[in-house]
Amino acid sequence: MRVFGVLSAIWLAVAVVQQTVLPVFLPAAWRPDVALAAGLASLAFLPGRTGLLFVFALGVQSDLLTSPRLGALTVCYLFAAWLVRLPERDLIRGGPWSAWLAAAAGTFFAYGAYAFVGALAGETWFVAEGFERAFQHTLAALGAGGVAAFALAELYAWTGLLGPGALQRRRPDDFGRPYLRQA
Amino acid sequence: MPSAPSNPSRLLPLLLATSLAMLLVPQAQVLTLRSHALSALSPLLTFFHDATRGLNAPPTASAEAPASATPAGVPDARVRDLEIRCARLADENARLQAMLAAAGFGQPRAPRGVAARVIAREGRSGSTLWGLDQGSAEGVAVGAGVLYGGMALGRIVSVGPHASCVAPLAHEGLRLPARLAECQAEGVLQGGADEWGRPRCRLRLVAAELRARVGEAVVTTGREAGFPPSCFLGQVTALRRLSEMEWELDVQPAWPERAIEAVVVFRPEAAEIPWPAERKR
């Protein structure tokens, strides 16, 4: 129940930030995909199945609210999650820094895949244009991924949602504070 | 969920299969689902919309502002010309409404439409749909035109109970009958974007000769049921002759995308012509 409550709150917060807050401050070309960044960063902290289900839920949200075809972005999110989870052990050991890197790299993987999937799913761009947008999203994710990684690391530690791998990580973080606050 | 085994190897194919199955959902259903999702999220999005309102609004002209304080790239003379024309039309409008009232046709009516706030505006390039906080329960219908400050902004494409989705003029799927204000040539306006991703529509016309000019206004024809006639759509920025009888004009939409917070959904009323049986004898 606690997992459902916390992840639902993050899911709603992502929708609000993506739909209402970011469009006010950033032009379209510089808007990051906050849902993807949050989902990929969460993979480093949540248990495996929970992380994947959360990425799936965020993908469905993005499809529902932004994509011309339901499922197109979800497939790309899951593809990026699969690629990012391949170096899972290093991802968990690295903590927020590697989660940040995973969010940025995963964004490139996801939107690289979307250049093909989107063209099949109703977008009117060509694949080269899709890759250009993948670079734009990746640059934007460098900022959003960092915020998401450090904020979610603190939130998951505070709410006790960290997975077993993340719980084993005990070294102080790069700001000199103990990364995990719970036993 | 935390007690579930952490091995996602069997879950991933299942989720991928579900996603691929979702691709089979028809696009019309997706739009309806989007409107219902926005309806459910509407209170939350409206709250944050109000919280962030005005944080990034463009500077508005004030009495204290110097006369030369015009937006970059807009010449002062053109702004003055527009101001003079606007004042003249407002005067004429007021005079005609006063004549109508004096002739016994009642008070001038309020604009026909439903006021709505823009609560969502994110989307992939060229296919951005905006979310409004008014839906079928408030009288919004699919196909209705959406106006902003007297300008046409887009069209309602799907409706939920308390939210609706708008395809702005720059949406690649939008087609709208349009007319050049001065030379009166009519054509079809199609949404799109330029190479930088900025909104840029194209107006296609069939004509042997075209006396249009760059800067000419493009307006609605009134043939589209969702829009009032002569509603400003944008300005011509370039002309191209495609063939002997075909022209393509680049049209810059008039509205500032990021500054729009509230719009009016046009609601055409039935003609108020009484049936003969209902006439007073």
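Chain identifiers are assigned alphabetically (A, B, ...) following the order of the sequence lines, protein sequences preceding nucleic acid strands; residue numbering begins at 1 within each chain.
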When you compare the side chain of A:Arg69 with that of B:Leu23, does any pair of heavy atoms fall below 4.5 Å?
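Counting from C-beta outward, B:Leu23 and A:Arg69 do come under 4.5 Å.
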Given side chains that start at C-beta, do those of B:Thr18 and A:Phe56 come closer than 4.5 Å, heavy atoms only?
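Yes, at least one pair of side-chain atoms sits under 4.5 Å.
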In terms of heavy-atom pairs under 4.5 Å, which option from A:Thr74, A:Asp63, A:Leu46 contacts chain B the most?
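Max contact count across the listed options: A:Thr74.
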Under 4.5 Å from a heavy atom of chain A, the part of B:Leu41 involved
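Side chain only.
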Would you find a donor on one side and an acceptor on the other, under 3.5 Å apart, between the side chain of A:Thr20 and the backbone of B:Ile119?
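A pair under 3.5 Å: yes.
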Show the nearest heavy-atom pair for residues A:Leu78 and B:Leu16, with the distance to one decimal.
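It is CD1-N, 3.8 Å.
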Looking at A:Leu64 and B:Leu33, what are the two nearest heavy atoms and their distance?
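For A:Leu64 and B:Leu33, the tightest heavy-atom pair comes out as CD2-CB, 3.7 Å.
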Which bit of A:Val60 comes within less than 4.5 Å of chain B, counting heavy atoms only: side chain, backbone, both or neither?
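The side chain, not the backbone.
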Kindly compute the distance separating [atom1] ([X]) from [atom2] ([Y]), expressed to the nearest 0.5 Å.
{"X": "B:Met22", "Y": "A:Leu73", "atom1": "CE", "atom2": "CG", "value": "10.0 Å"}
{"X": "A:Gln18", "Y": "B:Leu45", "atom1": "CD", "atom2": "CG", "value": "11.5 Å"}
{"X": "A:Leu53", "Y": "B:Leu11", "atom1": "CG", "atom2": "CG", "value": "5.0 Å"}

